[in-house]
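A short write-up of the structure that comes next.
Remember, predicted model here, so these are calculated numbers, not experimental data. Quick note on labels: first sequence line is chain A, next is B, and so on, each numbered from 1.
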Protein chains: 2
Amino acid sequence: MKEKRKQVGKPKPGSARGEGRADRGLTSLHQRILSDIQGNIMSGRWEPGQRIPVEHELMLQYGCSRMTVNKVLTQLAREGIIERRRKVGSFVCRPQSQSAILPIADIKLEVEALGLPYRFEILQRHKRRATRADRTLLRAEEALPMLELVCRHFAKDEPFCDEYRLINLQAVPGAAAEDFSLISPGAWLLRQVPWNEAENRIRASGAAPDVAARLKIKSGSPCLIVERTTRSMAAAPITFVRLTYPGNLHELVATFTALTSATK
Amino acid sequence: MKEKRKQVGKPKPGSARGEGRADRGLTSLHQRILSDIQGNIMSGRWEPGQRIPVEHELMLQYGCSRMTVNKVLTQLAREGIIERRRKVGSFVCRPQSQSAILPIADIKLEVEALGLPYRFEILQRHKRRATRADRTLLRAEEALPMLELVCRHFAKDEPFCDEYRLINLQAVPGAAAEDFSLISPGAWLLRQVPWNEAENRIRASGAAPDVAARLKIKSGSPCLIVERTTRSMAAAPITFVRLTYPGNLHELVATFTALTSATK
DNA sequence: CTGTCGTTAATGTATAGTCATATAATCATG
DNA sequence: CATGATTATATGACTATACATTAACGACAG
């Protein structure tokens with residue numbers, strides 16, 4: 001398998017690239033070019049729509065090869081920060097829409113982030129075929145075998161979150177045998193199907209009577225509801241979960257990033 | 001600086017790579033390699049922690065040069081899908097946390113997406129120095145000149161959203177002269193400071209009396225509240241906004257992506 | 001004035017090779 | 001036998017080159 005290693009060993013040590021570039025401080029050259037350009041754009045020095053130096057200019061400016069600046073510009077284009085057009089040049093994008101990145105943490109982590117001890121309990125557990133309502137929630141067609149769970153999460157001794165969950169047993173058969181006494185269903189599933197995609201719906205609503213009872217709040221009092229339908233990248237629906245947080249207890253925090261219409 | 005140029009000018013047109021690969025259907029070679037590998041990972045065929053073929057193997061497998069697979073693997077590493085370790089190889093990442101990408105659309109677009117006509121009105125407008133409370137909201141230190149706005153957004157004839165906004169007039173002096181009769185403050189600001197970053201806080205809460213009156217709902221009824229503090233990438237605070245949506249009218253929808261701890 | 005055909009500038013993709021660096025494994029030595 | 005040196009492997013970064021693709025621009029013929 002080892003190909004013939006030709007003795008390319010060119011004795012000249014300085015190599016072809018300039019003089020003291022070997023001693024560039026910390027980051028790589030293209031990393032530096034990237035941050036330079038990004039800085040110019042983010043700070044507004046280079047405005048949206050404006051043309052940025054073409055590869056050739058940058059190559060001269062940084063004294064490097066075109067491949068290097070090409071790598072950088074390609075990366076920026078992929079991030080949707082610039083747009084490249086042949087023959088014409090590269091242009092700073094105008095952010096079309098903005099997006100916030102919302103971390104979906106495990107509830108255990110959320111609670112512990114508040115400095116409170118966490119525990120949870122399973123309140124209900126049924127195995128059954130998917131009803132029509134289930135199929136809507138799961139975005140599924142067939143009457144799959146389902147596991148329905150109701151679960152309550154605590155911060156110290158106070159109910160922190162109510163969880164209603166449906167699991168597609170066909171996609172995750174192991175769930176039938178798991179009793180979720182040690183690990184919460186959410187964390188367990190995350191471990192089973194690591195790469196997945198989901199749709200989250202976030203809204204405010206008054207607590208339904210049954211949920212209110214479990215959370216020890218008044219029926220109808222404001223709650224943050226997060227509904228999530230998860231499917232594996234192979235498109236099979238995996239789980240639906242509805243998390244209900246008493247309004248005063250919880251807050252989602254998301255950081256922003258300006259995005260363009262880039263596919264990424 | 002140009003070293004003695006060896007005559008690489010290989011006349012052979014087919015070049016070194018295999019036979020009919022020049023006629024690859026639609027996408028570029030590295031794009032194909034990328035989707036191949038991504039597919040293997042997303043589908044779970046290559047599990048988290050598993051080592052993926054090293055550059056040399058991939059290079060043989062696809063009959064291309066190392067640079068090409070390197071480009072692909074570098075990209076995957078940047079996306080946080082694989083982790084690369086010298087000498088050892090590249091490994092499929094275990095998604096550490098998951099994140100949802102929450103599009104922050106202009107309220108006008110939100111309303112129009114519902115198929116309803118949109119309009120808004122400015123209810124209050126004051127220019128003043130930042131109070132202590134303002135500074136907290138804006139994450140600012142100094143008593144900056146501020147513009148305070150209260151604004152109401154309608155879907156058809158129903159109040160859709162209440163907006164309370166603070167604008168740092170030092171960062172965006174033009175706001176003082178703008179009367180926001182034609183363009184809403186949010187859309188206007190987005191145009192002024194295109195690349196920025198922000199922190200969003202999303203929670204459920206009962207409507208405060210003044211807000212409830214403006215939204216024509218009962219005080220205390222569940223509302224979705226989105227608070228956003230925006231700053232330019234140059235770190236200057238720009239604006240704070242609190243959007244209050246009556247609970248039944250609005251839902252945030254975010255799509256998922258599994259992320260690792262990648263910096264990106 | 002208009003359509004077509006070059007020319008050319010810019011990006012897109014890929015090759016082949018160099019040098020550097022991190023590290024696992026192995027080998028040598030006191 | 002531990003420890004230090006060496007070697008082989010794999011990634012990381014970059015250079016230099018080549019050729020393909022695309023689109024703006026301009027010339028020129030009709």
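Remark: P of C/dG17 and CG of B/N70 are 16 Å apart, rounded to the nearest angstrom. One interatomic measurement links the two molecules: CZ of B/R78 to P of D/dT11, which rounds to 17 Å at whole-angstrom precision. Taking atom CE on A/M59 and atom P on D/dA16, their separation rounds to 8 Å, with Å as the unit. Rounded to whole Å, the distance from CD on A/E55 to C1' on D/dA18 is 15 Å.
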Just by protein heavy atoms under 4.0 Å, how would nucleotides 21-26 of chain D read 5' to 3' in B, S and -?
BBBB--
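Considering only side-chain N and O atoms, A/T68 lies under 4.0 angstrom from the phosphate OP1 or OP2 of D/dT15. OP1 or OP2 of C/dG17 has not a single side-chain nitrogen or oxygen of B/S65 nearer than 4.0 Å. B/H56 has no side-chain polar atom (N or O) that falls below the 4.0 Å cut-off from OP1 or OP2 of D/dA10.
Taking the ring axis of B/F91 as reference, the NZ or CZ atom of B/R84 does not stay both within 45° of it and closer than 6.0 Å to the ring centre.
A salt bridge links B/R139 to B/E199: at least one charged side-chain nitrogen sits closer than 4.0 Å to a carboxylate oxygen.
Across all strands shown, B/T74 has no heavy atoms under 4.0 Å from either base or sugar-phosphate atoms.
Side chain of A/R51 to main chain of A/V92: no donor-acceptor pair is present (N/O by atom type, distance under 3.5 Å, no hydrogens or angles).
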